[in-house]
2 protein chains.
Amino acid sequence: MATRRASISDLAKQLNLSVSTISRVLNNHPAISDATKKRVWELAKQLNYQPNHLAAALRKGRSNTLGVVVPHIDGHFFALVLKGIETIANLAGFNVMICQSNENETHEKKNIATLLNAQVDGILVSVSLTTRDFSHFEEVRRRNIPLVFFDRVMETPDASAVVLDDYQGAYQAVSHLIEQGCTRIAHLGGPQHVNICQNRYRGYQDALRAHGVAYDEALVHFSNLSMQDGLDGMEQLLQQAPKLDAVFAANDLSLVGAMQVLKRYGLRVPNDVALAGFSNELFSSLTEPKLTSVDQRCEEMGRTAVHLLLELMTQHENEEKAVGRQITLQPELLIRGSSERVPAA
Amino acid sequence: MATRRASISDLAKQLNLSVSTISRVLNNHPAISDATKKRVWELAKQLNYQPNHLAAALRKGRSNTLGVVVPHIDGHFFALVLKGIETIANLAGFNVMICQSNENETHEKKNIATLLNAQVDGILVSVSLTTRDFSHFEEVRRRNIPLVFFDRVMETPDASAVVLDDYQGAYQAVSHLIEQGCTRIAHLGGPQHVNICQNRYRGYQDALRAHGVAYDEALVHFSNLSMQDGLDGMEQLLQQAPKLDAVFAANDLSLVGAMQVLKRYGLRVPNDVALAGFSNELFSSLTEPKLTSVDQRCEEMGRTAVHLLLELMTQHENEEKAVGRQITLQPELLIRGSSERVPAA
DNA sequence: ATGATTTATGCAAACGTTTGCACAGAAAAT
DNA sequence: ATTTTCTGTGCAAACGTTTGCATAAATCAT
């Protein structure tokens, strides 16, 4: 019953050929006569031959597998990035192995070790928030395994990475609010030691400045951007600056909280207060009204990251010295009900 | 520079031992003297020896990898299941390879082929909605690779699977609505050729009957459960049965749509119309009020599926004939604002 | 002291490929 | 007719492990 799978040497025996010839046929090696090619393929089909990837991998020193480390697999953003990664990787004939760090440095180190052990041919990483020591990535470099960071990157000039232009996203969102006639625009910002949050804050400031709108400290509130933070933050902003006419939040989740507070105060969205957020979550188009938000091009980020990785891998094959390359994706502002004011008739 | 990784035979040479001895040390084989054990481990550490999984896999015929096929990787449900799968698999020393079928039969067949090629030791599958032909799973069985279905299963007595008790979930939700004093309970149902939707519908019916509440066809509306479907369905239900006092939806997404319609009609949730949904999406607790919903135990489903798979795998090792085993998870009703009526003071 | 058992190690084959090199025969060039 | 160049194929080593069997040394029982 437990009949072993057909191997290359089974084919060889049955056809009175050498294993090397069979191997060459299966790999489309040029120097093989059409006659034998046909014979081999036919028998292969007949015996339902399936190549043993492991053996090939061992011999060639490449596993045809890509490794990915993400902080977590759930949540809209990473799920979509992973989808992009998977799609392109498979298209290029690679399998994908996914690990979660759970935002934990130790876990992340383990993940990297796992992937190295599995002999992946390349690695994609989005760094955990708690990671302070980056020695595990050094080990990857030492082993000469191509690596690409995405979204959450290790800041080194020689590392390759693909990130989103958070600054531009914020700039556009705030500019849009100004174009809607808003002048007292509040900001729900994230922790400023986090790169992306800082960039969004800067984008906010510069957009104001560029349009000659005064910056007012009373209009800014920083937090960790949970929904509760949005609720609390909005309350506080309304105390500090009752006349605000718009809110730009560094994420959509906190904005949902903020919107609930506004409704409770009887303020109408978007006509009294216009709203724009960041990250275009799934729920962002389920609220009433739908939230204007900066889309992070998640899937494209995944696709781009794989493309870059594949590029590094071929460079690496050709022994070219791979210099770090950074790609910055331009976000897309999705204008929806929460900010679109119908011009007064 | 490109210094090859230390192999088992490097260790052997440097210590004047045979490769077999080294191998045995590294695998904690009992019959090795403590002295040599120590010597080997020390050098291993010093040379930063990393075992070559591929070689071991080839020799042992097992890859230490589990394969998963899901309809898609984004979306709350599968993301959480995957998290559960990953967690337990890693704990048990297995890597996980994830494939998406994109709800496409052809793609699913390719996924299975990929996983078989990668020589995974076991497979977890949630079947695509469009799959009609199940021959690819036959191939898995023929190859003697343990397989466990989860959530979306192939209906065969000898297949192992872990599913949610949708019937019970619906029954509980509707019973809860009745306990809140509702008697005209509408149902937004899904396509009845889909197993789970049918079970939810049955649970709805039986809960009514069990509590002596009359079933009324005018209170039932079937669709594909998109948000738009929820909007349209609710409109229609309000026409057909203006006096309804509750809605049980087969998913949360459609319920969000329904709630928006209710608000538009000036009906108050939960006091005029109480709401309960299914699947406990991320956004379900972001609405105003929060949605009562049946939680699907996503992570636990993933964990259970892996446990079952591992069980099958050891049985398989011991040549025991593995008979299909089905596990049914009990859902959990999460009662929130959309259905909890404050008792009239 | 002899044989029986245990303990620790080595030998060598096997897993299923890939690939540099060699080589026979045929075709082409001299 | 001899040499050169192709064309198609085979040989055998290599990738890094694991593992059944053999064996030498040490321990034990008699």
Side-chain angles (χ1 to χ4, degrees), chain A residues 2-41 43-44 47-65 93 116-121 143 317, chain B residues 2-41 43-44 47-65 93 116-121 143 317:
Chain A
T3 164
R4 209 175 37 73
R5 293 166 52 187
S7 85
I8 230 175
S9 68
D10 294 330
L11 297 196
K13 257 170 235 154
Q14 293 203 34
L15 294 177
N16 259 325
L17 288 171
S18 73
V19 286
S20 18
T21 303
I22 309 290
S23 170
R24 284 193 256 259
V25 172
L26 299 173
N27 291 301
N28 298 313
H29 189 99
I32 297 284
S33 75
D34 289 351
T36 41
K37 265 186 201 166
K38 186 170 297 180
R39 290 208 309 153
V40 173
W41 279 120
L43 186 62
L47 298 189
N48 186 26
Y49 168 79
Q50 298 294 131
N52 185 329
H53 263 60
L54 262 47
L58 174 58
R59 173 60 227 249
K60 299 207 283 193
R62 306 185 302 112
S63 64
N64 256 269
T65 300
L116 289 176
N117 265 6
Q119 324 254 121
V120 297
D121 299 332
R143 292 257 204 108
E317 247 171 36
Chain B
T3 163
R4 210 174 37 72
R5 294 165 53 187
S7 84
I8 231 175
S9 69
D10 294 330
L11 297 195
K13 256 169 235 155
Q14 292 203 34
L15 293 176
N16 258 325
L17 288 171
S18 72
V19 286
S20 18
T21 303
I22 308 291
S23 170
R24 285 193 254 259
V25 172
L26 299 173
N27 291 301
N28 297 314
H29 189 100
I32 296 285
S33 76
D34 288 352
T36 42
K37 265 186 201 167
K38 185 170 299 179
R39 289 206 310 149
V40 173
W41 278 119
L43 186 62
L47 298 189
N48 186 26
Y49 167 79
Q50 299 293 131
N52 184 329
H53 263 60
L54 263 46
L58 173 60
R59 173 62 228 247
K60 300 206 283 194
R62 305 185 304 110
S63 64
N64 256 270
T65 300
L116 289 177
N117 265 5
Q119 325 253 121
V120 296
D121 299 332
R143 293 257 203 107
E317 247 171 37

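Values in this document were obtained by computation on a predicted structure and should not be read as measured data. In what follows, every chain begins at residue 1, and chains take the letters A, B, ... in the order their sequences are listed.
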Distance-only check: which donor-acceptor pairs under 3.5 Å involve side-chain atoms of residues 23-31 of chain A, not counting sequence neighbours?
{"unit_1": "A:Ser23", "atom_1": "OG", "unit_2": "A:Asn27", "atom_2": "ND2", "d": "3.4"}
{"unit_1": "A:Asn27", "atom_1": "ND2", "unit_2": "A:Ser23", "atom_2": "O", "d": "2.9"}

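- The side chain to side chain contact (heavy atoms under 4.5 Å, CB included) check on B:Gln14 picks up B:Leu43, B:Leu47, with sequence neighbours excluded.
- Partners of A:Ser18 according to the side-chain hydrogen bond (donor to acceptor under 3.5 Å, both in side chains) rule, which considers only residues two or more places apart in sequence or in another chain, are A:Ser20, A:Thr21.
- The stretch residues 30-38 of chain B touches DNA chain C through B:Ala31, B:Ile32, B:Ser33, B:Thr36, each having a heavy atom under 4.0 angstrom from the strand.
- When the P atom of C:dG16 is taken as reference, atom CG of B:Asn117 falls 14 Å away, rounded to whole Å.
- B:Asn16 contributes atom CG, which lies 8.0 Å from atom CZ of B:Arg39 (distance to the nearest 0.5 angstrom).
- In this structure, CH2 in A:Trp41 is found 10.5 Å from CD1 in A:Ile22, a value given to the nearest 0.5 Å.
- Mapping A:Asn52 and B:His29 onto DNA chain C by nearest heavy atom places B:His29 at the nucleotide closer to the 5' end.
- Against DNA chain D, the stretch residues 53-61 of chain B makes heavy-atom approaches under 4.0 Å through B:Ala55, B:Ala56, B:Arg59, B:Lys60.
- Distance A:Asp10 CG to C:dC15 P: 10 Å, rounded to the nearest Å.
- In this view, A:Ala56 satisfies the side chain to side chain contact (heavy atoms under 4.5 Å, CB included) rule with no residue, not counting sequence neighbours.
- Here A:Leu54 pairs with A:Asn52, B:Ala57, B:Ser63, B:Gln119 under the side chain to side chain contact (heavy atoms under 4.5 Å, CB included) rule; sequence neighbours left out.
- We find the CZ-CG distance between A:Arg5 and A:Asp10 to be 11.5 Å, quoted to the nearest 0.5 Å.
- To the nearest angstrom, P of D:dT18 lies 11 Å from CG of B:Asn28.
- By the side-chain hydrogen bond (donor to acceptor under 3.5 Å, both in side chains) test, A:Thr65 pairs with no residue at all, sequence neighbours left out.
- Here the closest heavy-atom approach between residue B:Leu11 and residue B:Ala44 is recorded as CD1-CB, 4.1 Å.
- Residues of residues 11-27 of chain A having a heavy atom closer than 4.0 Å to DNA chain C, listed by number: A:Ser20, A:Ser23, A:Arg24, A:Asn27.
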